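Written out below as structure tokens is the structure these notes cover.
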Number of protein chains: 2
Amino acid sequence: MDAQEPKTPTAWRDITPDAARRLVIAAVEAFAERGYHATTTRDIASRAGMSPAALYIHYKTKEELLYQISRVGHLLSLGLLTEARDGAGPPAARLEAAVRAFVRWHAEHHTTGRVVQYELGALGPEHYAEIVDLRRTTEGVIRSIVTDGVAAGDFDVPDVSGTTLAVLSLCIDVARWFNPDGRRTPDEVGELYAGLVSRMVGARTA
Amino acid sequence: MDAQEPKTPTAWRDITPDAARRLVIAAVEAFAERGYHATTTRDIASRAGMSPAALYIHYKTKEELLYQISRVGHLLSLGLLTEARDGAGPPAARLEAAVRAFVRWHAEHHTTGRVVQYELGALGPEHYAEIVDLRRTTEGVIRSIVTDGVAAGDFDVPDVSGTTLAVLSLCIDVARWFNPDGRRTPDEVGELYAGLVSRMVGARTA
DNA sequence: TGCCGCTCTGAGCAAGCGCTTAGCCCCGCC
DNA sequence: GGCGGGGCTAAGCGCTTGCTCAGAGCGGCA
């Protein structure tokens, strides 16, 4: 377990002050490992190298920590997706690029991904609603690429809505099973999944 | 919410005595709704219509309840899968049957499925090890069908291991997003997914 | 009728939870 | 050189948690 050096994932680079950033990183690790409800504020604080009370100087509640992680995580992955959608090239290439980037992110940041994808039920009602909205947007981005492909005659998709759901679901679940000590690198998983998704939408082999 | 009649899912039919069965069903609902750690023994007991203390007559701990649910759930879905694998017909048909059954089960019993698939981290070490073993077996069943298809020249799968993982992942994640009030019935999702998986493995169109 | 054993309850214990408070340290500014 | 305020800690409050225990109710058997 000593391979886990205390690197700062790029996601949290611009959180200040330093203590606040250490707290989010500690919270991500703890939430991903044990789940939100099984994680104590004492655990988060001690991982960040401070006393339990110090947490409350930077965050009002434990839930607010989860909310920040969830918000930033969703915005980042949504950004990757929109970038791919707005890129150049035919729908097939853009869908592959989107899947590659999305999957790569969920593998690379699989701890954050786990929190983002599987702990949102612990959010308070208004934060939950906000996150659900982001998720709907995310789904919309993939759907639009699929729709483009169908319209262009490049894809063969009988059920656009269902297939979109399945593609998104497949990519999201990477955060659950990905193991950095496993056989595949994030890039390799992204490549594999891009190919699988191409087949799912019946993309014309160029 | 009154559409939720207190039916007895077939999975728990043969648990006796009656109170013990009511407790598992209550626990499945509660765990699926809020997660294992956010569920209190008082909540489970009151859903089952009894006092908190009564739970401990039938189960030693709250974790044992989770273990029973996890064990039975894994065995049931594993049974469906092996049945499909050992059925008649070419690999393509058997893979489709497996996916159809597995997905249908995870949609129909999506509450149980959620607990089975997403709460196993809360199991104690020895129970966890036992469940992980069942999961390896499950993966092996799908892999063997894929391998059969490749050997028969019916599938085009560059990466058997990775594709198997993706297929399993896709099916499992149904438990997370499936909504019984949504547009799709379990049968429809099973059908959709069987088609998508066929494409993923590059099955020869019969 | 008397007794046993199974099921269940009311009351409650020890531990751990999220979070608060009072006060200390220390750095920058006048 | 004094002081104000942000960052931090030790202590602990009020509450909930998983779980226990002594005893009540009751059906079946002798």
Side-chain angles (χ1 to χ4, degrees), chain A residues 8 12 14-70 115 119-128, chain B residues 6 12 14-70 115 119-128:
Chain A
T8 301
W12 319 112
D14 44 342
I15 289 182
T16 54
D18 180 70
R21 179 174 50 252
R22 266 155 46 218
L23 282 167
V24 223
I25 294 171
V28 167
E29 282 175 16
F31 291 163
E33 230 170 73
R34 310 139 122 80
Y36 176 81
H37 289 291
T39 299
T40 70
T41 53
R42 282 163 238 260
D43 183 21
I44 298 170
S46 83
R47 277 181 201 244
M50 48 213 296
S51 84
L55 190 152
Y56 293 92
I57 294 162
H58 303 284
Y59 299 95
K60 274 203 292 277
T61 62
K62 178 176 134 182
E63 191 264 356
E64 199 196 302
L65 256 171
L66 175 63
Y67 169 61
Q68 292 300 344
I69 294 165
S70 206
V115 179
E119 303 293 333
L120 59 152
L123 289 167
E126 67 291 349
H127 287 162
Y128 180 76
Chain B
W12 319 113
D14 45 341
I15 289 182
T16 54
D18 180 70
R21 180 173 50 253
R22 268 156 45 219
L23 282 167
V24 220
I25 296 171
V28 167
E29 283 175 15
F31 290 163
E33 232 170 72
R34 311 139 124 77
Y36 176 81
H37 289 291
T39 300
T40 69
T41 54
R42 281 162 239 260
D43 182 22
I44 298 171
S46 82
R47 277 181 201 243
M50 48 215 292
S51 85
L55 189 152
Y56 293 91
I57 294 163
H58 303 284
Y59 300 94
K60 273 203 292 275
T61 61
K62 177 176 135 183
E63 191 265 356
E64 199 197 302
L65 257 170
L66 176 62
Y67 170 61
Q68 291 301 344
I69 294 166
S70 207
V115 179
E119 302 293 333
L120 60 151
L123 288 167
E126 67 293 348
H127 287 162
Y128 180 77

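On a predicted model such as this, the values are computed, not experimentally measured, just so you know. Within every chain, numbering begins at 1; the chains are lettered A, B, ... in the order of the sequence lines, protein sequences first and strands thereafter.
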Round to a whole Å and report the spacing from [atom1] of [X] to [atom2] of [N].
X: A:Leu55; N: C:dC17; atom1: CG; atom2: P; result: 14 Å
X: B:Glu64; N: D:dG18; atom1: CD; atom2: C1'; result: 14 Å
X: B:Arg22; N: C:dT7; atom1: CZ; atom2: C1'; result: 11 Å
X: B:Ile57; N: D:dG23; atom1: CD1; atom2: P; result: 16 Å
X: B:His37; N: C:dC17; atom1: NE2; atom2: P; result: 12 Å
X: B:Asp43; N: D:dC19; atom1: CG; atom2: C1'; result: 16 Å
X: B:Leu23; N: C:dT9; atom1: CG; atom2: P; result: 10 Å
X: A:Arg42; N: D:dA10; atom1: CZ; atom2: P; result: 13 Å

Close side-chain approach of B:Arg34 and B:Asp43, heavy atoms under 4.5 Å: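 Result yes, sub-4.5 Å side-chain heavy-atom pair found.
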One pair to check against side-chain contact (heavy atoms from CB on, under 4.5 Å): A:Tyr36 and B:His37. What are the steps and the verdict? CA-CA 9 Å; A:Tyr36 176 81; B:His37 289 291; over 6 Å; no
Nearest to the side chain of [X], which nucleotide is it out of [options]?
X: A:Tyr56; options: C:dG18, C:dT9, D:dC19; result: C:dG18
X: B:Ala53; options: C:dC8, D:dC21, C:dT20; result: D:dC21
X: B:Thr40; options: C:dC19, D:dG18, C:dT9; result: D:dG18

Please lay out, stage by stage, how B:Leu23 and B:Met50 fare under the test side-chain contact (heavy atoms from CB on, under 4.5 Å). CA-CA 9 Å; B:Leu23 282 167; B:Met50 48 215 292; 4.1 Å; yes
Categorize B:Ser51 for me: base, sugar-phosphate, or nothing, with a 4.0 angstrom heavy-atom threshold over every strand shown.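 Counting heavy atoms under 4.0 Å across all strands, the contact made by B:Ser51 includes a base.
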Residue-phosphate contact under 4.0 Å: A:His58 side-chain N/O, D:dC8 OP1/OP2: yes
Worked check of side-chain contact (heavy atoms from CB on, under 4.5 Å) between B:Tyr67 and B:Thr61: CA-CA 10 Å; B:Tyr67 170 61; B:Thr61 61; over 6 Å; no
Residue mapping more 5' on DNA chain C - nearest nucleotide basis, A:Ala38 or A:Lys60: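 Nearest-nucleotide comparison on DNA chain C picks A:Ala38.
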Where the side chain of A:Glu119 meets the backbone of A:Leu66, is there a donor-acceptor pair that is under 3.5 Å apart? no
